[in-house]
Amino acid sequence: MKINFSNIKKAKKLLNKSECVAIPTETVYGLAGNAYSNLACQKIFRIKKRPRNNPLIVHYYGYKDLKKDCYINQDFIKLYKKFCPGPLTFILDLKKDSKISKVATNNKNTLAVRFPKHLITRNLLKDLNFPLAAPSANQSSKVSSVSSSDVERDFGRGIKYILDGGKSSIGVESTIIDVRKKPKVLRLGALDISSIRDLLKKKISFNINQNKNLLPGQSRIHYSPGIPLRVNAKIKRKDEAFLLFKKRKIDKPNYFFLSKQGNLSEAARNLYGTLRRIKDYKYKSIAVGKIPNKGLGKTINDRLLRASKF
Ligand code: TXA
Ligand code: MG
């Protein structure tokens, strides 16, 4: 995609004034603001209607900038070298003299950090004097946005500017890993746990939904298309939209497919857009067929299961 530098400049100007701007990333779009500014972070919570106790992810250009705000360790460095910039979010300990807004962290002494790969956002980050707090650009607890038009639909004039970067190439959120002690995955995402395990050569624990002090973003009810959804459906009931993994030769308006060839990356890329489309077509509910539970399929199933708790 061609980079439009005047658009980046416009975004920069607004961000410098503590305004919020939607930014493209390879996973999903983010709703960004200056992570050092209480005012900008307050605006993010307000626009998203996000509960104040759900801290914000902060996006950096590179780890040189991050070092001012967080402590890093060997596991971080290994993962950073191999997978960043990319779809991996780290939980790190905040430094006492970090400038990160207390609004962003909700006064916690840890920080979720990510280094997005999307070139437009990398150019923007390189040009700013602060990192960007940017949760996914959707109304709290609903399906994430994977294009500028998704963001526009969710927020309308609520956002000052949307930096258009085309369709997100991955389409599901980053994997979140707490690397402060024994590595622990907190959210399944675009990066497969097995590739993390292969690199670190140690056990990676994965205890989603097991502790009681869950952050809202990891709660069971999330990623909802706004209508009831059931998973592992073998048959479609009357009036339901039927969402299937692999395209079949059925020419009915109420059938939707995530992938032409049965490819998990393609399915992930199409997931949120298809859920939004089904809702737009005014279906009252969705039945989803079985999706292979391996690699990215595990992430897709995780999101669908949470969506089904609506
Ligand atoms: O791919 C992504 O990660 C996208 C793009 C825009 O970067 N962002 C994203 O942000 O998905 P969000 O806010 O929708 O999800 C971030 C999750 C939330 O569930 C939040 O609770 C969790 O990260 N989180 C934030 N700070 C945390 C912390 N200090 N400890 C544990 N979890 C944290
Ligand atoms: Mg989100």
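Just follow the structure's listing: the first ligand is 1, and inside any ligand the first atom is 1.
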Quick check on contacts: which atoms of ligand 1 are under 4.0 angstrom from a heavy atom of [X]?
X    : result
I176 : 17 (C), 23 (O)
H59  : 5 (C), 6 (C), 7 (O)
S174 : 1 (O), 2 (C), 3 (O)
R50  : 13 (O), 18 (C), 20 (C)
P55  : 20 (C), 25 (C), 26 (N), 27 (C)
I91  : 27 (C), 28 (C), 30 (N), 31 (C), 32 (N), 33 (C)
T27  : 1 (O), 2 (C), 4 (C), 5 (C)

Is [X] reaching over with its side chain to a backbone N or O of [Y], donor-acceptor style, under 3.5 angstrom?
X    : Y    : value
N34  : Y36  : yes
Y29  : G165 : yes
Q139 : K49  : no
K78  : L199 : no
E266 : K260 : yes
N270 : L258 : yes
R276 : V143 : yes

Any heavy atom of A134 sitting closer than 4.0 Å to ligand 1?
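The answer is yes: ligand 1 sits under 4.0 Å from a heavy atom of A134.
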
For ligand 1, is there an N or O atom under 3.5 Å from any N or O atom of E173?
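Looking only at distances, the answer is no, because the N/O contact criterion of under 3.5 Å is not met.
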
Got an N/O contact under 3.5 Å between S136 and ligand 1?
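N/O-N/O distance under 3.5 Å: yes.
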
Of the listed options (I23, N54, L94), which comes nearest to atom 20 (C) of ligand 1 when hydrogens are ignored and any heavy atom counts?
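Ranked by closest heavy atom to atom 20 (C) of ligand 1, first place is N54.
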
Hey, are Y161 and N7 close enough side-chain-wise for a donor-acceptor pair under 3.5 Å?
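On atom types as modelled, these side chains qualify, holding a pair under 3.5 Å.
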
Give a yes/no answer: is there an N/O/S atom of S140 under 2.8 Å from the Mg ion (ligand 2)?
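Here the distance criterion (N, O or S atom, under 2.8 Å) is not met by S140, so no.
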
